[in-house]
Peer 1: 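For reference, the structure I am asking about is given below.
What you see is a predicted model; the values in this text were computed from it and never measured. Throughout, a chain's letter reflects where its sequence line sits, starting with A, and its residues are numbered from 1.
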Number of protein chains: 4
Amino acid sequence: MANKTAPDSPPGSAGGTPTRRRSERSRRAILDASLALVGEVGYDKLTIEGIASRAGVGKQTIYRWWPSKAAVLLDAFTADVDEYSAQGLPDTGDLAADLKLVLRATADEFNDPAFQAPYRALAVAGANDAELSRAFVDRLLEPGIRVYVDRLRAAQEAGEVAADVDTRVAAEMLLSPFSQRWLMRTGELTYDYVDTLVDLVLRGLRPGS
Amino acid sequence: MANKTAPDSPPGSAGGTPTRRRSERSRRAILDASLALVGEVGYDKLTIEGIASRAGVGKQTIYRWWPSKAAVLLDAFTADVDEYSAQGLPDTGDLAADLKLVLRATADEFNDPAFQAPYRALAVAGANDAELSRAFVDRLLEPGIRVYVDRLRAAQEAGEVAADVDTRVAAEMLLSPFSQRWLMRTGELTYDYVDTLVDLVLRGLRPGS
Amino acid sequence: MANKTAPDSPPGSAGGTPTRRRSERSRRAILDASLALVGEVGYDKLTIEGIASRAGVGKQTIYRWWPSKAAVLLDAFTADVDEYSAQGLPDTGDLAADLKLVLRATADEFNDPAFQAPYRALAVAGANDAELSRAFVDRLLEPGIRVYVDRLRAAQEAGEVAADVDTRVAAEMLLSPFSQRWLMRTGELTYDYVDTLVDLVLRGLRPGS
Amino acid sequence: MANKTAPDSPPGSAGGTPTRRRSERSRRAILDASLALVGEVGYDKLTIEGIASRAGVGKQTIYRWWPSKAAVLLDAFTADVDEYSAQGLPDTGDLAADLKLVLRATADEFNDPAFQAPYRALAVAGANDAELSRAFVDRLLEPGIRVYVDRLRAAQEAGEVAADVDTRVAAEMLLSPFSQRWLMRTGELTYDYVDTLVDLVLRGLRPGS
DNA sequence: AGCTAATCGAGACGGTACGTCGAGTCTTACC
DNA sequence: GGTAAGACTCGACGTACCGTCTCGATTAGCT
């Protein structure tokens with residue numbers, strides 16, 4: 001829950017000074033402006049001054065609470081995503097079907113332009129900024145992988161997956177080709193591709209294979 | 001072989017205007033300076049002015065031939081890499097051993113700091129610039145994947161891999177988790193990891209699995 | 001009094017936005033640096049960057065308040081001159097003596113290297129920039145002529161000068177040959193020349209001539 | 001006749017190397033382009049590259065024959081003017097009428113936009129470049145003054161002007177106010193003004209005044 | 001008529017300065 | 001004390017020209 005990249009605490013939380021007189025109004029305006037702007041002009045042309053002006057806020061108010069535009073964007077993006085990924089994968093007993101269902105939905109999401117700009121920006125901003133990278137992974141990437149690992153482990157316990165399989169590596173075999181394709185634009189994220197990928201990965205997981 | 005990001009032609013090539021009389025001396029100095037600087041200060045702090053000054057060159061000479069610092073870096077990086085990846089993967093008849101051998105070597109390479117900075121920078125720059133992304137993929141990423149696809153197809157013809165396997169998807173199952181780990185810093189690229197990955201992927205490829 | 005070339009108002013003046021909170025420290029440093037540099041390197045080699053660097057100031061601070069280097073120089077030069085020309089010409093009753101006295105002093109001034117560079121520069125810059133020209137004339141040239149016109153008119157009222165003489169034209173007959181000689185370097189500004197000029201001009205002004 | 005600012009000699013003249021194989025075609029194109037451009041964009045934005053490109057000429061061809069854009073312009077302007085001013089002032093016996101006639105014509109000329117740009121530019125370029133200034137004065141300004149001095153001297157010999165008058169100073173009293181007005185834009189050059197000026201100057205020149 | 005060297009159009013080159021943008025810091029006035 | 005506003009220094013941007021320097025390709029004058 002603790003925000004690694006921004007030194008803010010929600011009003012009422014237990015900080016050194018119980019309540020920092022921070023304007024919630026400004027905070028929301030800044031996050032909203034960030035998301036709007038990154039969609040309009042792209043990450044490279046996203047500027048602190050632009051965010052401040054769009055949000056009707058002084059630059060200092062941004063600098064006071066966030067260390068960089070990436071951190072702002074991460075907060076903005078995370079706020080929308082946090083609850084979503086907390087619900088886990090469905091478990092109908094049919095592993096292949098469950099994975100295809102969810103990955104197809106994810107493909108739709110990744111093909112949504114509104115989602116692409118900020119996510120790409122963050123994925124990439126992390127590459128040259130180890131600190132931000134950690135925050136991005138911890139808050140967005142890792143939770144996403146975790147639910148797949150959990151589902152695979154459940155399947156393992158149900159005997160649907162061989163006991164000696166490293167579920168973490170298996171999850172990455174599923175997710176990395178998918179996100180790599182999208183990130184590097186090496187191919188389309190179609191339902192066909194998703195199905196092929198799931199099937200091929202699962203062939204290696206079956207007991208006795 | 002054609003250079004997609006820089007509008008230059010090697011002297012003597014058949015262009016509309018026969019030869020643009022480009023200074024090879026400057027070209028080399030610029031590429032060298034780019035690689036040196038990206039290693040020293042990182043991609044974000046890499047500037048055209050910095051490259052120009054380090055190379056002892058006017059800024060215009062850079063702008064004349066490249067559209068962005070990313071394009072310069074791509075050329076610089078590619079020049080060193082081109083010949084390397086043209087030789088294909090070994091084929092001893094033992095697919096697992098061959099893959100492990102090469103992936104281990106690649107892991108070493110990715111763990112080399114001199115290689116990391118420019119490669120990360122390019123991966124990242126591509127994400128926010130579709131044009132550059134294509135050049136990056138075509139000139140660096142795709143050739144790297146191709147050799148794996150070729151090796152897998154050879155194995156398929158040798159009956160070592162099931163005939164119905166999509167070798168392209170299989171290659172990505174191998175390479176994407178690997179490069180994703182590195183790019184996002186979600187884990188170390190150890191020999192153990194490589195071996196585990198290769199083994200798990202191959203389980204799904206075997207005929208009759 | 002109003003500054004035509006710079007959009008600044010002295011702190012405390014009544015503008016739409018009460019006070020623009022301009023740094024007096026920077027303003028002085030810029031004006032001082034301009035005068036110093038124009039003397040050292042000449043107007044052509046005077047650059048905004050040079051002024052900024054010498055003044056220890058960002059370029060933007062200059063561009064924020066002045067439209068061109070000529071405008072800066074005009075302000076710098078005017079600041080030193082404003083009060084000076086407000087005192088009028090002496091009136092001892094002897095017109096010729098009074099004019100010779102003042103013109104000799106002016107000759108000394110025009111022969112002073114510290115004065116030459118900026119004044120020449122402004123005269124020149126004005127020729128190719130009508131806007132600046134107006135400011136130059138209004139703030140430097142015109143006040144200088146005015147005091148002569150006033151003195152001539154006083155002489156006219158005293159009966160020393162014919163009533164039908166256009167004092168403005170007469171003043172120009174006195175001042176233009178003088179400044180033209182200096183500007184075009186067609187001759188030296190000696191006391192002899194000044195005396196000859198005054199005498200010849202006055203011959204035409206005497207009543208009954 | 002010798003050109004002080006440009007190291008060229010007309011073909012056939014006696015230089016070290018008797019005949020320099022210079023392209024007359026290029027020379028004309030350069031001078032024409034200069035005049036055209038200075039009229040279109042003004043002196044400040046007149047560039048060597050612009051002239052070269054407009055004239056369809058290599059930059060080097062300009063640099064080979066002229067030291068600066070001012071020198072080019074001076075040549076271009078002089079070529080058109082040289083013959084004109086060689087004919088002297090009319091002498092009908094009525095000095096005032098002769099002066100008014102010619103000065104009115106000159107006023108018309110100075111009010112012609114095509115004439116203004118280059119002449120102003122040259123007058124002014126000289127202020128910061130003593131070398132050019134001398135050339136400008138010698139080739140354009142001085143010959144213009146000379147004809148007035150000659151006419152005044154003739155009048156002096158005819159007893160129309162007092163014998164003790166310095167005709168040079170008198171000529172400047174006539175011409176400087178005129179050109180100063182124009183150069184500094186301190187007033188219009190009307191026929192009225194010309195007449196007033198001539199009359200007032202002549203009042204001081206009459207014998208016995 | 002052929003030779004040869006100066007001159008030509010073209011434009012790349014190392015530089016300097018331009019005028020603009022944004023970063024991150026600081027100051028002022030308001031609430 | 002947090003905030004909106006915005007001036008400040010600084011660094012880099014991408015562009016325009018500078019004056020110099022090759023490149024072939026004319027081309028003029030001499031042999």
Side-chain angles (χ1 to χ4, degrees), chain A residues 17 19-23 25-26 29 45-53 55-65 67-69, chain B residues 8 11 17-27 29 45-53 55-65 67-69, chain C residues 8 11 17-23 25-27 29 45-53 55-65 67-69, chain D residues 11 17-23 25-27 29 45-53 55-65 67-69:
Chain A
T17 312
T19 40
R20 324 259 286 273
R21 298 202 266 118
R22 176 174 187 178
S23 158
R25 205 177 140 322
S26 296
K45 294 188 176 169
L46 180 68
T47 67
I48 298 279
E49 291 200 337
I51 297 171
S53 137
V57 139
K59 281 203 290 179
Q60 202 55 255
T61 303
I62 299 181
Y63 282 113
R64 197 167 2 245
W65 302 108
S68 69
K69 67 175 180 177
Chain B
D8 57 318
T17 311
T19 38
R20 311 268 293 262
R21 274 182 303 102
R22 174 175 187 175
S23 160
E24 177 61 16
R25 207 180 143 311
S26 297
R27 197 185 133 272
K45 295 189 177 169
L46 179 68
T47 66
I48 299 276
E49 290 201 337
I51 297 171
S53 136
V57 139
K59 278 201 288 180
Q60 204 59 255
T61 301
I62 300 182
Y63 284 112
R64 187 153 29 230
W65 302 108
S68 68
K69 67 175 181 178
Chain C
D8 56 317
T17 311
T19 38
R20 311 269 291 262
R21 276 181 301 102
R22 175 176 185 176
S23 161
R25 206 179 143 313
S26 295
R27 196 185 134 272
K45 294 190 176 167
L46 179 68
T47 66
I48 298 275
E49 289 200 339
I51 296 170
S53 136
V57 138
K59 276 201 287 181
Q60 204 60 258
T61 300
I62 300 182
Y63 284 111
R64 187 155 27 232
W65 302 108
S68 66
K69 66 176 180 177
Chain D
T17 313
T19 40
R20 323 260 286 274
R21 298 198 269 114
R22 176 173 186 180
S23 159
R25 205 178 140 321
S26 296
R27 196 183 135 272
K45 295 190 176 167
L46 179 68
T47 67
I48 298 278
E49 292 201 335
I51 297 170
S53 136
V57 139
K59 281 202 289 179
Q60 202 56 256
T61 302
I62 299 182
Y63 283 111
R64 187 154 26 230
W65 302 107
S68 68
K69 67 176 181 178

Peer 1: B:I48 has a side chain; which of E:dG9, F:dG14, E:dG19 sits nearest to it?
Peer 2: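 Side chain of B:I48 sits closest to F:dG14.
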Peer 1: Which nucleotide, E:dA23, F:dT22, E:dC18, lies nearest any side-chain atom of B:R21?
Peer 2: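 Given the options E:dA23, F:dT22, E:dC18, the side chain of B:R21 is closest to F:dT22.
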Peer 1: Can you find a side chain N or O atom of A:R64 that sits less than 4.0 Å from OP1 or OP2 on F:dT3?
Peer 2: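 For F:dT3, OP1 or OP2 has a side-chain N or O of A:R64 closer than 4.0 Å.
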Peer 1: Would you say that C:R22 contacts C:W65 through its side chain, given a criterion of any heavy-atom pair below 4.5 Å between the two side chains?
Peer 2: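 Of all side-chain heavy-atom pairs linking C:W65 with C:R22, at least one is under 4.5 Å.
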Peer 1: Which atom pair, heavy atoms only, marks the closest approach of A:I62 to A:I48?
Peer 2: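 For A:I62 versus A:I48, the nearest heavy atoms are CD1-O, 3.9 Å.
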Peer 1: Look at the side chain of A:S23 and decide which nucleotide, out of F:dT3, E:dG19, E:dC8, has an atom nearest to it.
Peer 2: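 Ranking F:dT3, E:dG19, E:dC8 by closest atom to the A:S23 side chain puts F:dT3 first.
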Peer 1: State whether B:W65 places a side-chain N or O below 4.0 Å from either non-bridging phosphate oxygen (OP1 or OP2) of E:dG11.
Peer 2: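 Result: no.
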Peer 1: Return the 5'-most residue of the pair B:G58, C:L46 with respect to DNA chain E, ranking by each residue's nearest nucleotide.
Peer 2: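 In this pair, the answer is B:G58.
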Peer 1: Between D:A55 and A:S68, who's closer to the 5' end of DNA chain E by nearest nucleotide?
Peer 2: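 The 5'-side residue here is D:A55.
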Peer 1: According to a strict under-4.0 Å criterion, is D:S26 in side-chain N/O contact with OP1 or OP2 of E:dG9?
Peer 2: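 So the side-chain polar atoms of D:S26 do come within 4.0 Å of the phosphate oxygens OP1 or OP2 of E:dG9, strictly under.
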Peer 1: Identify, between C:E49 and C:T61, the residue whose nearest nucleotide on DNA chain F lies closer to the 5' end.
Peer 2: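 Looking at the nearest nucleotide for each, C:T61 comes out on the 5' side.
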Peer 1: What does A:G50 touch in the nucleic acid at a heavy-atom separation under 4.0 angstrom: a base, only the sugar-phosphate, or nothing?
Peer 2: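 No contact at all - A:G50 keeps every heavy atom at 4.0 Å or more from the nucleic acid.
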Peer 1: Reading DNA chain F from 5' onward, which residue's closest nucleotide shows up sooner: B:Q60 or D:K59?
Peer 2: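 So the residue in question is B:Q60.
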Peer 1: OP1 or OP2 of E:dC21 versus the side-chain N and O atoms of A:T47: is any pair under 4.0 Å?
Peer 2: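 So the side-chain polar atoms of A:T47 never come under 4.0 Å of the phosphate oxygens OP1 or OP2 of E:dC21.
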